[in-house]
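Following: one structure in structure tokens, then a few remarks.
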Amino acid sequence: MSQQLIISDLSADFEQFRSDFEQYLAQRKSWKGNLTTMTGQTLIELVAALGAFDQTKINRAFEDAFAETAISDEAIRACAVMQGIRMTRKLPAEVTVELTAPRGTIIPVYSQFSCAGYGLFNRDVIQFLTGDGATSTVTCTLYQGDVRTVSVNGDGSNLQAWLSDEDSFTVSDQDVLVSINGQSIPVSYSGLWNFRNQPACMDLSTSDGRLLIQFGTNRMNITRESSDGIVDDELVEEVTYGTVPSINDLVTITYAVTDGESGNNYVMKDSKVTIDGFAEVDGTAVSNPVYGSNEKSTLTYKNNTASSFGTYGSAVTKSQYSAIVNTYPGVIDAITQAQREINPGNVQYMNVIWVTGVTNQPWDEQKKKEFCDWCQQQSMYSTRFVWVDATKVSRKVSIRCYCYNSAVLSDVVDNVKAAITKLFEPRPGILMTDFYKSDIINCALQADSNISYVLLDEPQSDFIVTQPNAPILAYEIINSGGSLTEQQYNYCVTMVNQDNVESLMDNWVHPIVVDANSQVKLTWSSDVSAIKYRVYGRTTTGMGLIAELNSDVLTYTDNGSTTPDTGKYNKYQLINIKYNALNVLDELTVNAYYAERQQRIDNSLPYRSVV
């Protein structure tokens, strides 16, 4: 009986496969010999290579089946679709135009315009009705893209689908019209369960970036119970969700193909605007395109898919809202804050969500409103969204790079500038991210292998945008010499740093005085970032600011003589969402020199200086 080959499961690499093959063949008489032949060894290595390759494919396929371990872009997007996230596509750039046409002219939606060699279209009907003369002039907004129209026949089946030929997310995310026999139907971005017995279809995106239109189903049976709780077959109801096109229906799908963020670079101002089919219409672009946005990166879905599992456009939890706002085209990073984080005691913030974010271009009020309206459609309940611009904190960096003799100093300067610029550029997670001096040093060292060491002239301290914690506080009750009466008191000391940011009020003490005419002595630990300290306290009915002290003072005794300033105390601290930013032309200085120290030292081990 021949011996069976058993492959070890310790590892799946080339060496393990080869070792298993050699051990197995060494026990077979047909393979035994005193000399190792090149032909036989080559065959073993070839088979081992195939085994390692196939095993790697198996492992990779297993990893790509789960959102947490998926690596390839298509796998991450497929997991996003599986877990209920609708992937957004490109949004077109906007351009303001001035059009003149005979009075009474009406241009329907999604008509094809041209300007400077680029396609434009209109989302709203354009009517030339004003003015007293033969012509009328209107100013309106057009959007970059080419309009496509496709007609298909219904087949009467449930969940009939249509897939666009265009991939790579080039179909505009919010410019799809669907009509059946000339009658428009709603296009939903969040499923069809809100369209019970109503016409509608779904707008989805596939993992390769194609537009997927999916229609409804009419075979959802709902069994009702009679008043006595007994299921009655006569009460079974057939429910339709969305539209099911029949075999006699003509389905027309109109959509726009856009270049997204690239459209912001097109030069159209003062160029002539024309429109297909309306030779009498004349126009001029009065601005260059803005607000074009690309599809979201796979990193966005990698970070947000798990937290928004099962959302399907019906966000409820904080993590789901975070996933929704961060998948909107043009939003680089965003943070949501609800009433409990804004001000739990103010009923005006009930059912209000603040969205603080960074975008690829500054948004005007209309663009912010469009975003908030879109977010409202993704919420399970009636929530009002408010956009709040994140606070940009401009930083300055000056660094000296000392290089080996083999270095080209101009190349070193360019490489370090590019690396530091990339470190500070807006990206997902940039909001409320602190940058330490060691981050900048490591970034420069890794930018060019010809750098021996660097000296950081600026900054002198770390770039902190998060709100720091309050100092640790201790107290001592002195039973004489003051005017405090018998009751409980509350104290907190905050520090104000060099950026004039006050720390959280998160370290409180609550001394209980049992003797009249007492004092409370407070002491706290020093903070190197502090420029001053503020002492808050006294009773719950009269909390306020008691004292403001220099950074070298680490103790304060409250004898009761100072009346707390209640107007300078706020029970709920509003967190200012900020991010570090760098102006490359004015705030980044990189100089390179040849170093006296020429020996190679391993600088790959990272370190981070103490905050």
Side-chain angles (χ1 to χ4, degrees), residues 89-151 166 170-179 182-184 186-187 252-294 329-330 359-374:
R89 302 183 295 271
K90 298 180 187 295
L91 281 181
E94 306 174 9
V95 57
T96 303
V97 301
E98 189 176 84
L99 302 176
T100 301
R103 291 186 69 244
T105 301
I106 298 178
I107 300 177
V109 295
Y110 292 96
S111 297
Q112 186 65 65
F113 293 77
S114 295
C115 179
Y118 302 106
L120 300 172
F121 63 92
N122 57 312
R123 288 177 176 170
D124 303 312
V125 174
I126 303 175
Q127 302 183 40
F128 298 86
L129 303 177
T130 60
D132 298 327
T135 62
S136 177
T137 300
V138 298
T139 301
C140 58
T141 300
L142 300 181
Y143 301 86
Q144 184 274 319
D146 298 319
V147 178
R148 310 280 172 82
T149 300
V150 177
S151 296
E166 297 82 4
T170 56
V171 176
S172 176
D173 188 67
Q174 299 177 18
D175 293 292
V176 177
L177 294 182
V178 178
S179 62
Q183 184 68 38
S184 295
V187 178
T252 303
I253 302 171
T254 301
Y255 59 95
V257 179
T258 182
D259 296 331
E261 191 169 335
S262 297
N264 299 333
N265 301 321
Y266 300 159
V267 178
M268 296 186 185
K269 187 176 181 180
D270 298 327
S271 297
K272 182 179 178 61
V273 177
T274 60
I275 176 174
D276 296 348
F278 291 83
E280 68 279 10
V281 177
D282 189 23
T284 304
V286 298
S287 70
N288 285 318
V290 292
Y291 303 140
S293 304
N294 286 338
T359 57
N360 61 341
Q361 283 189 312
W363 283 356
D364 60 12
E365 294 305 316
Q366 178 60 33
K367 192 66 179 177
K368 295 174 184 176
K369 182 179 183 303
E370 291 177 6
F371 169 81
C372 293
D373 291 344
W374 179 84

Please test T137 against E98 for side-chain contact (heavy atoms from CB on, under 4.5 Å), starting from the C-alpha separation and ending with a verdict. CA-CA 7 Å; T137 300; E98 189 176 84; 3.6 Å; yes
Step-by-step side-chain contact (heavy atoms from CB on, under 4.5 Å) determination, K367 to E94: CA-CA 10 Å; K367 192 66 179 177; E94 306 174 9; 3.7 Å; yes
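The two residues V273 and C115 have their closest heavy-atom pair at CG2-SG, 3.9 Å. Closest non-hydrogen pair, W363 versus N360, comes out as NE1-OD1, 4.5 Å. Summarising the geometry of R89 relative to V171, their closest heavy-atom pair is NE-O, 2.9 Å, with the distance given to 0.1 Å. Scanning both residues, F121 and P92, for their nearest heavy atoms gives CZ-CG, 4.0 Å. Considering every non-hydrogen atom in both I107 and V281, the closest pair reads CD1-CG2, 4.2 Å. Closest approach of C140 and L99 over heavy atoms only: SG-CD1, 3.9 Å.
Residues S111 and F113 are in side-chain contact: their nearest non-hydrogen atoms beyond the backbone lie under 4.5 Å apart. Using a 4.5 Å cut-off on side-chain heavy atoms (C-beta onward), Y291 and L91 make no contact. Side-chain atoms of V150 and Y255, non-hydrogen and from C-beta on, do get closer than 4.5 Å to each other. Proximity of E166 to R148: side-chain heavy atoms (C-beta onward) are separated by under 4.5 Å at one or more points. Using a 4.5 Å heavy-atom threshold, the side chains of L142 and I126 count as touching. No side-chain heavy atom of Q144 sits less than 4.5 Å from a side-chain heavy atom of P289. Under the 4.5 Å side-chain criterion, counting only non-hydrogen atoms from C-beta, V95 is not in contact with K269. Looking at heavy atoms from C-beta onward, V147 lies in side-chain contact with T254 at the 4.5 angstrom threshold.
With hydrogens and angles disregarded, a donor-acceptor distance shorter than 3.5 Å links the side chain of R103 to the backbone of L129. Using a distance-only test at 3.5 Å, with no hydrogens or angles considered, a donor-acceptor pair links the side chain of Q112 to the main chain of L120. A donor-acceptor pair is defined here as one N or O able to donate and one able to accept, closer than 3.5 Å; such a pair exists between the side chain of N264 and the backbone of G292. Although no hydrogens or angles enter the test, the distance criterion places a donor-acceptor pair under 3.5 Å between the side chain of N288 and the main chain of M268.
The distance from atom CG of D364 to atom NZ of K369, rounded to the nearest 0.5 Å, is 12.0 Å. Rounded to the nearest 0.5 angstrom, D282 CG and T135 OG1 are separated by 10.0 Å.
Salt-bridge formation is detected for the pair D175/R123: a Lys NZ or Arg NE/NH1/NH2 atom is positioned less than 4.0 Å from an Asp or Glu carboxylate oxygen.
Remark: the S184 side chain and the S179 side chain contain no N/O donor-acceptor pair separated by less than 3.5 Å. Between Y118 and D259, the side chains place no donor N or O within less than 3.5 Å of an acceptor N or O (distance only, hydrogens not considered).
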